[in-house]
Amino acid sequence: QAQQPIKVGVIFPLSGGAGPQGQHVTQAVQAMAAIINESGGVMGRQIEILSRDDESTPAVGVSRANELISSGVSVIIEGWNSPVTLAMQPVINRANILDITAISKADPILSGEGNPLAVRLNSSNSQDGAVIAKYIAGTKAKRIAFMTENDAYGNGAQESIEAELKKLNYAYDKVAEEKFPFNQADFRVALTNVRAANPEVTIAINANEGLGMPALIRQAKQSRLPGQLVTAVGTVAPSVISVAGEAANGVIGADIYFPDVEPFASNEANKKFIAKTQEMFKYTPDKYMALGATSLQVWAMAANEVKSLDKEPVAKRIRGGSFKGTIFGDVSFAANGQLESNHKLFTIENQKIVVRPASN
Amino acid sequence: MNFSQQLVNGIVLGHAYALIAIGWTVLLGVARLVNFGHGQMYMLGAFVTWYGVSRLGLPYFVAIPVAMLAGVAVGYVMQRVMLQLTLKQDLVSIMIVTLGFGYVLHGAAALFFGSTGQILETPFSTKDIYWGDLWFTYQDIAIVIVAILFFAALKYVIDRTRIGRLARMVAEDPQLAQLAGVNVRRVYLGVFAFEGAAVALAAALVAPRTPILTSMGFDEVIITFVVVVLGGIGSVTGSYVAGLALGLFTAFFGAFVSPAYATAAAFAVLIAVLVIRPGGLAVSPGGR
Amino acid sequence: MKSGIKTILFAALATIGFFVPTLLGGSGAVYAACVLIAIFAVMSYGLDIVVSDLGEVSLAHTVFFAVGAYTTALLSASAGIGPVLSLAGAILMVLLVAAALGFVTLQLREFVFSLVTYAVAVVAATVAQNWDFLGGSDGLRGIPAFELPWLGFTARNDQELWPVAYLLLLVAIYLVSAFRRSKLGQAAMMVHLNQRLAVTSGVDPQRVRLQVFLVSAPITASAGWLYAYQRAYISADVLETYFLILMLTAVVVMGRRLLLGPLLGVALIQIQEKFFSFGGYVDKIILGSVLILTLAFLPNGLFGVVAPLRNLFTRRATPVGKTIPERS
Amino acid sequence: MSTRPVLEATDLKIAYGGNIALDVPRIAVRERELVGVVGANGAGKSTLVNGLLGWSRGSPKVSGKIMLDGRDISDLPPHERVRSGLLLIPEGKLVFAQMTVEENLASSVDVPTEGQGRRHYSSEEIYALFPRLYERRHHLGSQLSGGERQMLGIARALRLSPRALLLDEPSIGLAPRLVSTVLETVRALVDSGLTVLLVEQNVRAAIEVVDRLVLLERGRILAEGPASEMRDDPRIAEAYLGAHVA
Amino acid sequence: MSGGLGPVLRVEGLGVTYGALVALDAVTWSVDAGEILGIIGPNGAGKSSCYDAVTHLVTRRGRVFLNGEEVTDTAPHLLAERGLKRAFQQNAFFHELTVLENMVTVLQDRYGTGLLATALLPFTQVRRRADAVEDARQRLVRFGIPEAYHDLKPTNIPYGIQRMLSIALAYGSGAKALMLDEPAAGLGGADMTHLINLLISLKKEGLAVVVIEHHMDLIMSVADQIVVLEQGRLLATGTPHHIQSDPRVLEAYLGRAQ
Ligand SMILES: Nc1ncnc2c1ncn2[C@@H]1O[C@H](COP(=O)(O)OP(=O)(O)OP(=O)(O)O)[C@@H](O)[C@H]1O
Ligand SMILES: Nc1ncnc2c1ncn2[C@@H]1O[C@H](COP(=O)(O)OP(=O)(O)OP(=O)(O)O)[C@@H](O)[C@H]1O
Ligand SMILES: [Mg+2]
Ligand SMILES: [Mg+2]
């Protein structure tokens with residue numbers, strides 16, 4: 001009986017616009033599972049990954065969660081789209097299974113309504129706002145424009161940037177504010193408005209990495225948008241740059257994970273993870289993959305420590321706790337389950353992400 | 001706001017909409033058929049062009065006819081399968097079968113082309129024109145010119161030529177058309193093949209404006225639907241005008257209010273128009 | 001008479017139906033699937049009477065579904081109102097919405113009708129996504145469990161919710177069959193098949209259309225009501241095409257105007273999606289192909305294949321008996 | 001009058017579902033002949049003319065051999081038969097409602113303007129035959145009165161250069177004056193070289209113009225012969241020639 | 001019965017224009033209970049348009065009275081409810097239903113049960129339905145549609161029978177005034193005789209019947225009054241005998257004297 005593997009459920013979009021990224025995250029979790037299994041597994045048992053496709057649709061996500069629950073998983077790692085996460089939370093919670101949200105960013109995920117013992121790894125909007133605000137203050141730019149995805153994520157991100165600017169007592173003019181729907185691909189109308197306002201800094205908040213963000217970057221360049229284009233934290237992954245092409249050069253962004261930059265470059269856990277992913281999937285991990293893998297890693301560490309697979313003890317160990325030697329280095333979680341993260345600013349040069357040394 | 005730039009945006013957008021809708025205009029207006037797989041055929045047209053240009057290294061001008069041929073093939077196969085439904089004029093079933101084709105096309109294209117975003121680059125799309133404060137590309141010019149030519153030619157063919165008359169006869173009463181010596185099956189197949197070619201051409205011209213994904217097509221089918229209905233079902237001129245109007249509306253609503261609500265606003269206007277004038281904007285002589 | 005036998009047969013079928021999840025092993029996944037099938041079937045029945053009887057393809061039924069779900073979520077989560085009153089509230093709300101929509105679309109037919117109803121769905125989705133009162137794009141959380149204290153009944157999981165879902169399904173099916181036999185149902189058919197003749201037979205098409213809407217919307221909305229309890233979270237995704245396609249497919253795939261058609265259609269789709277899934281894309285190809293093949297090559301729908309059983313399920317199971325051949 | 005049949009059907013059997021609606025061993029129309037088909041409602045007259053063209057709004061099973069000018073056309077689809085010169089003017093809906101009279105008359109397919117026994121009619125000739133259509137030429141089909149539609153139906157068929165014409169109750173809905181005009185027109189068309197099979201309910205008017213008369217009953221030919229002889233046939237006289245005249 | 005209280009149906013100064021075309025101009029006529037009014041005239045004279053005007057299916061000028069009450073502004077379906085029924089020149093059916101079902105359907109106003117009643121009293125509904133079927137059968141037979149055709153689709157029965165079905169459907173559950181548009185078109189032999197008998201029996205029942213017809217034998221033998229239209233205008237009114245000898249009618253309509 002002891003040799004039965006522990007089942008771990010993984011739910012991400014594997015098809016549709018977010019499919020490629022979801023597949024990569026799932027692969028990263030598998031790579032991490034391989035690493036854990038090689039080093040003895042969890043409580044002496046091997047881990048088996050059961051992966052499902054939520055098709056970016058809440059109703060499908062809920063079905064998939066139910067499926068995993070009835071196949072007896074001990075934990076579910078999920079969450080690319082916030083509504084899907086929010087829909088799955090109550091279902092997983094009622095089944096008394098630990099639910100770790102890897103990426104979905106909406107604030108209510110940690111509110112405790114859907115899941116009182118929620119855990120999330122991706123940075124929150126308020127953490128993200130600070131780093132962008134600090135950058136703006138540093139440039140002394142006064143004319144600021146926003147191009148914001150019109151949903152909870154986009155509006156929340158913009159709000160937190162503005163709130164942080166206020167905290168810094170930084171005076172500025174909001175010369176333009178353009179909202180657009182998530183699946184917009186043609187920004188010419190919005191850009192025309194922004195351009196006419198002649199901003200010094202334009203902040204683009206668009207989580208649609210497959211379509212919207214590369215389109216926005218290209219069209220901004222083509223339309224000769226004046227000033228500096230800054231992207232919200234975590235919205236420019238290498239995949240965005242590869243679609244946006246040369247137009248991406250010069251864009252500024254910020255993120256929490258860079259595989260080959262210090263302190264990650266010399267982090268043993270990270271090196272092992274990168275090597276494993278490259279070996280198994282011929283792919284260098286990005287932030288989302290790191291978040292997915294870390295979710296599993298943290299869960300395994302916690303379960304090994306408390307010697308239980310039950311939801312409560314493991315969740316309590318994670319929430320408010322600290323872990324050493326993760327992919328992200330030594331990390332700690334806030335009492336509400338949010339991972340504390342470190343942001344770095346970067347510039348895109350020659351279609352490569354170059355971390356700005358000045359930032360910490 | 002920059003009025004002249006928004007005007008340019010609106011005009012280009014409007015012609016793009018009209019061009020995307022042209023195949024369905026013929027299908028719906030002329031043959032009283034619907035095709036909810038229209039959006040996916042657009043997607044396929046874009047991806048075949050992209051595949052030709054960036055994977056097979058074909059020149060853009062060769063890739064376009066290749067995409068159109070693919071469109072013809074898909075249209076032909078669809079109609080071949082649906083022929084019995086078409087002859088029975090079972091519109092509800094046709095609606096849903098074409099929806100099914102859209103699903104199949106989407107699934108197959110995603111498996112074949114992958115689901116990551118791609119950029120369809122053409123010799124025109126990378127050439128920007130800056131004219132004082134105005135910005136547009138040669139691709140935009142191509143869209144406007146092709147749309148105008150296409151609509152003019154279509155109008156002529158439908159109103160003045162025998163082919164147009166044949167299609168209209170079949171649309172109204174396929175069985176009576178047989179008695180006039182018309183090969184009804186061939187007309188249906190032909191109209192659908194035309195739809196395939198037209199939407200592929202539209203895709204090859206319009207898709208370079210934005211990144212392309214195999215999951216796209218939804219917006220296109222909706223826009224087409226709006227254009228065709230607003231223009232008055234069956235009216236070629238009507239759908240040109242409706243496409244242009246929709247483009248201008250999208251641009252100026254985006255400029256004055258917000259792009260976030262442009263689609264909803266367009267729909268609200270559409271509802272209002274149709275409630276006041278159930279026949280859409282076009283006036284056909286003698287009333288329908 | 002024959003109708004007596006039929007009544008007994010239906011009663012037997014209804015009783016057996018209740019034990020289907022138990023017969024299938026009674027696991028959590030089975031109950032979850034069965035509850036969802038019941039809910040989505042009820043949702044589809046609302047659309048069924050508009051598509052099959054009125055002959056119009058309404059694309060706005062997701063709005064009715066959403067109105068039911070949102071009203072329930074608001075009433076139960078924020079106002080702490082129980083299921084019975086929230087159902088009443090949902091029906092009341094949806095009647096208002098359906099009356100407005102019915103009024104707006106009175107003059108419209110065919111594609112134009114479809115498009116306008118679709119437009120309404122898009123506008124509704126935009127409203128739901130942006131109106132904070134409805135939770136915006138984050139949706140509404142914190143819907144309590146389905147609880148009827150005066151009956152000592154609480155449904156914390158799908159197994160416990162199953163009796164409610166099944167009862168709702170039976171009521172919906174019965175209502176639809178009564179509708180079809182009623183004056184209104186017949187009038188709907190008349191308007192559908194020949195409007196001019198209907199008018200000269202004393203039927204007011206506009207009134208009939210409106211009334212059919214008012215019957216159809218609460219059926220779909222009551223599915224939304226139960227869905228809110230089942231999922232405990234409602235967001236604008238209930239207005240997405242997923243539900244629309246599900247409904248439409250369910251209504252047509254088995255063959256139109258079959259009383260049990262929508263139920264079997266939903267069951268087929270859900271079972272494939274839940275137990276025989278091959279990943280999003282292949283599933284899409286499968287669903288698409290099933291639609292194409294059944295509609296293009298099986299003129300009587302999938303159900304036509306098992307023709308001998310058909311008489312049991314036909315719409316006009318009344319004593320007209322065998323004299324009325326099915327439409328082909 | 002030549003004796004070679006232009007149109008000939010042998011062993012023609014037509015069934016709807018299991019019901020045999022028509023069973024005719026042989027029926028033939030010779031060059032420049034006007035053959036009338038009469039019979040009660042439901043006798044199978046429409047089934048016969050539709051079957052000759054292989055056309056129907058229902059889905060009948062047709063067997064038998066149909067020859068046009070000695071050529072077997074049994075396996076051709078209806079539109080091919082039309083192109084080879086066999087024209088049908090059906091009962092009921094005859095015009096394209098969404099097209100103007102002019103468009104209805106514009107030729108839809110390429111047909112030989114002259115050919116073996118085929119006669120081309122120009123629009124001028126058509127308008128001369130039916131002046132009323134000329135007045136209405138810019139009106140849509142849906143705007144025509146019942147009689148106008150009937151005329152347009154006949155005119156449309158003439159525009160396709162018929163070799164043989166199948167006419168199903170052309171007098172339906174025509175004013176008495178026009179009935180004789182139309183039948184006389186048909187007679188004149190035959191005299192100028194056309195071959196016509198005419199289904200007519202109005203036996204009294206028909207018998208004046210036809211060469212031969214065929215009496216159908218329940219799908220079978222009950223009597224057949226030259227008009228002059230059939231006029232005195234009791235089966236015709238009693239049932240169709242004035243039994244009900246007050 | 002409304003006998004003695006003046007005409008059942010009366011129209012005054014009825015006019016219809018389609019664009020520039022005046023299809024009907026200032027036409028006045030009336031029909032009493034137990035009377036048959038014939039309307040004749042050349043093709044395109046405006047006869048069918050006149051029906052459309054009476055039943056309010058087109059915008060028109062003039063006034064319409066039913067049983068002495070003005071119904072000019074009444075909606076078409078309400079006219080039917082009040083007993084003004086009509087048939088169309090082109091056959092009109094519910095194509096996907098059988099002949100019998102067609103008839104049952106138009107009897108709904110008499111036998112149909114409301115939604116609530118159907119749901120709550122299912123057995124009553126079943127009984128009423130059975131009654132409706134029985135009544136429909138009898139009515140069909142009365143209108144000359146033998147049982148053999150009851151289970152076929154309307155387009156699958158002979159044209160002549162289709163005409164009779166159109167009349168039966170128009171009459172529905174009953175009428176005070178019935179307007180028929182060329183009921184004899186396509187009828188012959190026995191069917192024609194049957195139609196004549198039917199018209200006479202309807203008339204005997206006290207129905208006011210209006211018949212448009214090109215079939216002179218029929219109309220002259222059954223009509224009490226005849227109205228002749230030409231180019232939208234009233235050309236003549238009178239008894240069949242009177243009309244048959246009117247030189248204007250002969251010239252415009254009947255052609256050479258018969
Ligand atoms: N589509 C069909 N399906 C089934 N039966 C049909 C169909 N069409 C005709 N019939 C049957 O075939 C027989 C002959 O019909 P047909 O229409 O040929 O008669 P007809 O002589 O033309 O009569 P009419 O003078 O009334 O037009 C009838 O008994 C009719 O019921
Ligand atoms: N909807 C319409 N639009 C325009 N013109 C019309 C319309 N309906 C009828 N007309 C015209 O009005 C005139 C009268 O038509 P109507 O149908 O009333 O004639 P009718 O007397 O019934 O003739 P018939 O005996 O041939 O049926 C015709 O010339 C016809 O072309
Ligand atoms: Mg006939
Ligand atoms: Mg008429």
Shortest non-hydrogen separation from B:Asn2 to A:Ala196 and the atoms involved: N-CB, 4.1 Å
Please find the pair of heavy atoms, one from B:Asp219 and one from A:Asn183, that lie closest to each other, and give the distance. OD2-O, 4.4 Å
Distance from B:Ile212 atom CD1 to A:Leu211 atom CG, nearest 0.5 Å? 10.0 Å
Modelled atom types, side-chain donor and acceptor of A:Arg188 and B:Gln5, under 3.5 Å: no
Decide yes or no for A:Val189 and B:Thr250: does some side-chain heavy atom of the first lie under 4.5 Å from some side-chain heavy atom of the second? no
If I measure from the heavy atoms of chain A, does [X] come under 4.5 Å with its side chain, its backbone, both, or neither?
X        : result
B:Tyr261 : side chain
B:Tyr130 : side chain
B:Ser4   : neither
B:Thr214 : neither
B:Ala110 : neither

For A:Asp186, which atoms come within 4.5 Å of any heavy atom of chain B: side chain, backbone, both, or neither? both
Residue A:Gln23 versus chain B: region with a heavy atom under 4.5 Å: neither
